[in-house]
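Input: a single structure, listed below in structure tokens.
As the structure is a prediction and not an experimental result, all values here were calculated from the model. Every heavy atom of this structure was used, including side-chain atoms; hydrogens, water molecules and symmetry mates were not.
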Amino acid sequence: MAVRFSSLAKPQGTWWHPLGRDERLWGALAVIWGLAMFAMIVFIWPAIGREQNQIQSYRIAPATFGALTDQFIETYQVGEIDGVPVVAPPPGSDVYLEARAFAWRPVIQLKRGETYRFLISSRDVQHGFSLVMAPHSINFQVLPDYVTVIQLTPEEAGEYPIVCNEYCGLGHHLMLGRIIVTE
Amino acid sequence: MQAVAALQRRCQVTGLLVDRSAERLIMANAVTAVVYLAIGGLLALLIALTRWQAIHLLPYESFYAFVSTHGMVMLIFWIIFFEVAGLIFGSTVLLSARMVVPTLGWIAYGMMLIGSVVATYLMVTGQAIVMFTSYPPLKAPPLYYAAVLVFAVGAILAVVHFIINLVGARLRGDVGSLPLFTFALLGAAIIALWSLLAGAAALLPVFLWTVGLVPSVDPGVYRLLYWGLGHGAQQINLAAMVAVWYGLASLTTGAKVVNEGFSRIAIVLYVLFINMGAMHHLQVDPGIGTWVRNVNVSYFMYGAVIGSLIHAFSIPASVELAMREKGFRQGLFTWLRRAPWGEPGFAALVTSLFLFGVMGGVSGVIIGGPFVNMISHNTLLVPAHFHMTVVAGTTAAFMGISYYLVPLIFQRQLVLRSWARLQPYVYALGMTIFGLGMGLAGHWGVPRRHWDITFSTARALRTDIFEQPEIAVFLAGLGIGAIIAVIGGAMFVAVIVGTVLLGRRTATPALGKIAPEAFLPVPIAAGGSDGEVSAAEPSHEGFEVPGALVLALAFLALFALLYAISWYELSSVPWGIH
């Protein structure tokens, strides 16, 4: 029978012995479970899921991104809420969303069922893009000097607030944006 | 004994040889750790009562300053000071070995103390409100980064000191194979080395940037390096906690490791794979590709998770074996029912193992994947996860072993023993309510590190999306759970401070119903060779530890269920994401 030692004492002599039946069973289950979770991430969900993580990224100077956002707003602006411009880009187009302390701009109006390519970046510090549709939220990190690119397809009409979920300074809790989805 | 009295003493409880200089260093680190725990606990209460939106206690400047301080004080200072105390204990006292170069230990302690005091002062006074993560280009004064770097270098020296101690003991022939406890600490030390180096590599450029020596810092590269420290430090906690779990099992039930090789391979899996998981903080970041995300976040095919699953079985199994040896052989769970539930060390072991596994570990694996992370990144679900690992898991385990090591090292009788017996349960109850409330609020999208989710002072685009009855209930759970947990934490601090200051001096402190022979390297054959209990052949179709196996299978089933639910939740997000 195996010689066993307390975990607090120095093991003496040869303490390496083969796995018992219990350990073999459990070890095999642990490895199978690890491989199953790996397969889920690498093969299964990419094949079947509607919510994919396929972030593309670019580097960009914050001022350049700001200028692109200005241009985007100028082209598609349809109104204003609380002093924030509202834009209605055509389906399939690129959508620029700029974060700065402590606001998101512009407010974006989308059509249900259409796909848009979001380009999100920051003018100053790090921010967190959090599109809230309680009991869920969609979250991406937003960094200055980088553009986070994701394609979004709203499947339900409504108003969706964007909050900032990366601490960005003492006005962090003032930072709000909005996406409006129409039929 | 008199001849060496100045340098060493023989512990009259455990028979271990205690190096006096190691003893003093352990005391200094442990006391400092507990002071930081008390500070962090007070801040925790204030923060929680602010996030409980119905109470909303603090103004926003104090809230952000205290969240920053709380994170740093708890995640880094409390836990690393305690771990350094553990490293010194594991590399000297436990091996009956002398401490090599005590000066190095004191230099490390001094640097850690100065760095931590300065950083804490700057944060709590609102001069460095950059959160625990201090992501650039958010800026703190240069002194803040300098202080954290001084602390990190001190901690690196402490880890190097631990390794020197082990090598010294080995060369003198004091030790052949390390006890599993120290082996796990060695795993923690290796992880600590690269974590602290990654942290230094992240923070040094930021320091140079704040003093104007470099023009800018890349925020993406900083995040990559920073999380080598930020999550790496939690992996130190994991390995150290596993060491303490095995230690508590041996101490409170006389448990012997079921299979040394099995448990040690699990530690090696941590060392090999766990730091890859540090990248799961960048799941929804720009700048890295899908392949890197998948391979790293899965800790390379969940190698480290397999390590944790091995411990999740081995520790209950070792307790079951020990209890069966004592004669509690009937049925599947008699051994568990008759376990020493009134012993604070055992209570801490069980609550820590259970809450870490079921709530902390499982939630981490789930939200750490690249897809589910899209619906959990930076929500309250993230701090809920790591409070269940670091607080309900690591901190509870460290508290549990303190009830034995503090009396033995300080040679004082433990005071308020009835509080100590109750404390693990109070703490676990509080953390469970807290974790469920915080986690569910996070699942509903409530952001972390946020002062006001009613946006009452926002100037534009206000929303009431978080003003739902469910969220109010969850945040009340967060607040009430935090109050109970802080009471549990205060009970611990009272017992330890009371013992250190007022406990009766004695060379043989009474330690409750523990197995002091756990420290003795006497091989005992499993199955009971003590004579009092005859060695019965294993029953239950040949399984040696059927009860532990059933518990482990139940845990795996729950894990799979929660994992499946998380994918269902992701699939029900009403937007397509490509």
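- Residue contact with chain A, scored on non-hydrogen atoms closer than 4.5 Å, is absent for B/Phe63.
- The residue among B/Leu16, B/Leu180, B/Asn259 with the most heavy atom pairs within less than 4.5 Å of chain A is B/Asn259.
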*Would you check, one step at a time, whether the test side-chain contact (heavy atoms from CB on, under 4.5 Å) holds for B/Leu570 with A/Trp45?*
CA-CA 11 Å; B/Leu570 177 64; A/Trp45 190 259; 3.6 Å; yes
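- Residue B/Leu553 touches chain A through both its backbone and its side chain, counting heavy-atom pairs closer than 4.5 Å.
- At least one donor-acceptor pair closer than 3.5 Å links the side chain of A/Arg50 to the backbone N or O of B/Val573.
- If you measure heavy-atom distances from A/Thr115 to chain B, the contacts under 4.5 Å come from the side chain alone.
- Proximity to chain A (any heavy atom under 4.5 Å) is restricted, for B/Ile265, to the side chain, taken from C-beta onward.
- Within the 4.5 angstrom heavy-atom criterion, only side-chain atoms of A/Val107, from C-beta onward, approach chain B.
- The two residues A/Ile55 and B/Pro286 have their closest heavy-atom pair at CG2-CA, 4.2 Å.
- Counting all heavy atoms, side chain and backbone alike, A/Leu174 lies closest to B/Thr457 at CD2-OG1, 3.2 Å.
- Across B/Leu138 and A/Gly169, no two heavy atoms sit closer than the pair CD1-N, 4.3 Å.
- Proximity to chain A (any heavy atom under 4.5 Å) is shown, for B/Ile129, by both the backbone and the side chain.
- Within the 4.5 angstrom heavy-atom criterion, no atom of A/Ile44 approaches chain B.
- Interface remark: B/Ser572 contributes backbone and side-chain atoms alike to the contact with chain A (heavy atom separation under 4.5 Å).
- Both the backbone and the side chain of B/Tyr135 come within contact range of chain A, judged by heavy atoms closer than 4.5 Å.
- Both the backbone and the side chain of A/Pro144 come within contact range of chain B, judged by heavy atoms closer than 4.5 Å.
- Neither the backbone nor the side chain of B/Ile453 has a heavy atom closer than 4.5 Å to any heavy atom of chain A.
- To the nearest 0.5 Å, atom CH2 of residue A/Trp33 and atom OH of residue B/Tyr563 are 6.0 Å apart.
- Considering every non-hydrogen atom in both B/Pro179 and A/Leu8, the closest pair reads CB-C, 3.8 Å.
- Interface residue A/Leu131: only side-chain heavy atoms are found under 4.5 Å from chain B.
- For B/Trp291, no part lies near chain A; criterion is any non-hydrogen pair under 4.5 Å.
- Heavy atoms of A/Val31 lying under 4.5 Å from chain B belong to its backbone as well as its side chain.
- A salt bridge is defined here as a Lys NZ or Arg NE, NH1 or NH2 lying under 4.0 Å from an Asp or Glu carboxylate O, and B/Glu544 with A/Arg24 fails to meet this definition.
- Proximity to chain B involves both the backbone and the side chain of A/Asp22, based on heavy atoms less than 4.5 angstrom apart.
- Closest approach of A/Pro46 and B/Phe371 over heavy atoms only: CG-CZ, 4.1 Å.
- With a 4.5 angstrom heavy-atom cutoff, A/Arg59 touches chain B only via side-chain atoms.
- Looking at B/Phe183, there are no atoms closer than 4.5 Å to chain A (heavy atoms on both sides), in backbone or side chain.
- For a residue to count as touching a neighbouring chain, one of its non-hydrogen atoms must lie under 4.5 Å from one of that chain's; by this rule B/Ala552 touches chain A with backbone and side chain alike.
- Scanning all heavy atoms of the two residues, the minimum distance from A/Glu51 to B/Met374 falls at O-CE, 3.6 Å.
- A perpendicular orientation is assigned to the rings of B/His450 and A/His173, their planes being inclined by more than 60° (bins at 30° and 60°).
- Only the side chain of A/Leu25 comes within contact range of chain B, with at least one heavy atom under 4.5 Å from a heavy atom of that chain.
- With respect to B/Arg448 and A/Glu166, no salt bridge is recorded, no charged nitrogen being found less than 4.0 Å from a carboxylate O.
- At a 4.5 Å heavy-atom cutoff, the contact between A/Leu110 and chain B is made by side-chain atoms alone.
- Of the two parts of A/Trp15, the backbone and the side chain both hold a non-hydrogen atom closer than 4.5 Å to a non-hydrogen atom of chain B.
- Of the atoms belonging to B/Leu549, it is side-chain heavy atoms, and not backbone ones, that fall under 4.5 Å from chain A.
- Residue A/Tyr160 touches chain B through its side chain alone, counting heavy-atom pairs closer than 4.5 Å.
- Both the backbone and the side chain of B/Ala560 have a heavy atom closer than 4.5 Å to some heavy atom of chain A.
- Checking B/Trp575 against A/Thr153 by side-chain atom types alone, no donor-acceptor pair falls below 3.5 Å.
- When heavy atoms are compared at a cutoff of 4.5 Å, B/Glu470 does not approach chain A at all.
- In this structure, chain B has no heavy atom under 4.5 Å from any part of A/Val149.
- A side-chain donor-acceptor contact under 3.5 Å links B/Asp218 and A/Tyr146.
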